[in-house]
Amino acid sequence: MAITEYFVRYLQRRDLLSESDIACLRTIPTLHARFRPGEVIVPRGRLATRSCMMLRGMAARQHELAGRPGERVITALHVPGDFVDLHGFVLAGLEHDVVSVGESEVEFVDHADLRRVTQEFPHLTRLLWMATVIDAAIHRQWLVAAASLRSSAHLAHLLCELYTRLASVGAAQDHRFVLPLLQKELADILGYTSIHVNRAVRDLRAGGLIRWTGGEVQILDWSRLARLARFDPEYLELDRVRR
């Protein structure tokens, strides 16, 4: 298979791509794979020879807590078009697992092919670097949200971010998206108990801000939800770079 169009859109949303850039991306060979809920997509600690990109569903960056078996912290969610472990291209190994959230499909890209891109396409090299920088910016914003927002607003921020990221690559529209997270997984992400998460979901529903049925979320009032969350998408770098 060729590299997902979601990643091409991810880059085009943020910078101009030449015809040769796009042709290069579309000729990168990939290996397609499917994963079940909770299955490890990329294990921690292993010297990587390839990187992984989301094609369908979601994945989580999961950290096990030392001395506390069975407990975990989720520090990132990845959506279609995201490289889940591009930093592993330059590191000896990852200190976390990447696990499937719900059913997922991914594309693996050999590091030999990424190395060729970095040697022959300097603009694409900068954009790959940009992708890792945006990943870090999202992580920083999660820390800010956790430190400054109460449970309902914190959940609202996560929903605003995920919809914006999905919509920017064409994987969501009309303020609807699929969120295959269990309540316990939401608790692991937000740092609350399942009871607090249930209460936050109930508050957003009662306020007429969202409809959440099964795994589908519909944002009923974007302006009010974003205002509650103090959501500003600037950290996602969705505007094209002006040089």
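It should be emphasised that the depicted structure is a prediction, and the values quoted were computed from it without experimental measurement.
Salt bridge status for E5 with R9: absent, with no side-chain N to carboxylate O gap under 4.0 Å. Salt bridge annotation for D188-K184: present, with a cationic side-chain nitrogen under 4.0 angstrom from a carboxylate oxygen. Salt-bridge check for R165 with D82: passed, with a basic side-chain N closer than 4.0 Å to an acidic carboxylate O. The pair R34-E103 fails the salt-bridge criterion, with no side-chain N (NZ, NE, NH1 or NH2) lying under 4.0 Å from an Asp/Glu carboxylate O.
Atoms NE2 and CG, from H175 and L159 in turn, are 12.0 Å apart once rounded to the nearest 0.5 Å. The CD atom of E105 lies 6.0 Å from the CZ atom of R56; values are rounded to the nearest 0.5 Å. In this structure, CH2 in W212 is found 13.0 Å from CG in L220, a value given to the nearest 0.5 Å.
Within a 6.0 Å sphere centred on CZ of R116, heavy atoms belonging to other residues, nucleotides or ligands number more than 12. Enclosure of atom NE2 in H111 by more than 12 non-hydrogen atoms of other residues, nucleotides or ligands within 6.0 angstrom is indicated. Annotation: I195, atom CD1; neighbour count of heavy atoms from other residues, nucleotides and ligands within 6.0 Å does not exceed 12.
V144 and L155 fall into different hydrophobic clusters, where Ile, Leu, Val, Met, Phe, Trp and Tyr side chains are chained together by heavy-atom contacts under 4.5 Å.
Residue pairs satisfying the side chain to side chain donor-acceptor pair (under 3.5 Å) criterion with at least one member in residues 128-137, sequence neighbours excluded, are listed as follows: R61-D135.
Under the 3.5 Å distance criterion, the side-chain polar atoms of H32 are left unmatched by any main-chain donor or acceptor of E107. Between the side chain of R14 and the main chain of L236, a donor-acceptor pair closer than 3.5 Å is present. Of the possible donor and acceptor atoms, none in the side chain of Q218 sits under 3.5 Å from a partner among the backbone N and O of R211. Side chain of E216 to backbone of T213: no donor-acceptor contact under 3.5 angstrom is found. D85 places a side-chain N or O within donor-acceptor distance of the main-chain N or O of C52, the cut-off being under 3.5 Å.
When only modelled atom types and interatomic distance are considered, H63 and E95 share no side-chain donor-acceptor pair under 3.5 Å. In this structure, a donor-acceptor pair under 3.5 Å is absent between the side chains of H154 and S151.
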*Working for side chain to side chain contact (heavy atoms under 4.5 Å, CB included), residues L158 and W142*: CA-CA 8 Å; L158 179 66; W142 277 31; 3.8 Å; yes
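Listed here is the closest heavy atom pair of L204 and S152: CD2-O, 3.9 Å. Pairing each heavy atom of E237 with each of I134, the nearest pair is CB-CD1, 3.9 Å. Summarising the geometry of M58 relative to P180, their closest heavy-atom pair is SD-CD, 3.9 Å, with the distance given to 0.1 Å. Contact detail for V169 and P80: the closest heavy-atom pair is CG2-O, 3.6 Å. Between S51 and L86, the shortest heavy-atom contact is OG-CA, 4.1 Å.
For T125, the side-chain contact (heavy atoms from CB on, under 4.5 Å) test picks out T118, with sequence neighbours left out. With sequence neighbours excluded, the residues that form a ring pair (Phe, Tyr, Trp, His ring centres under 6.0 Å) with F83 are F7.
In this structure, R13 forms no cation-pi arrangement with Y10, as its terminal cationic atom is not both closer than 6.0 Å to the ring centre and no more than 45° off the ring axis.
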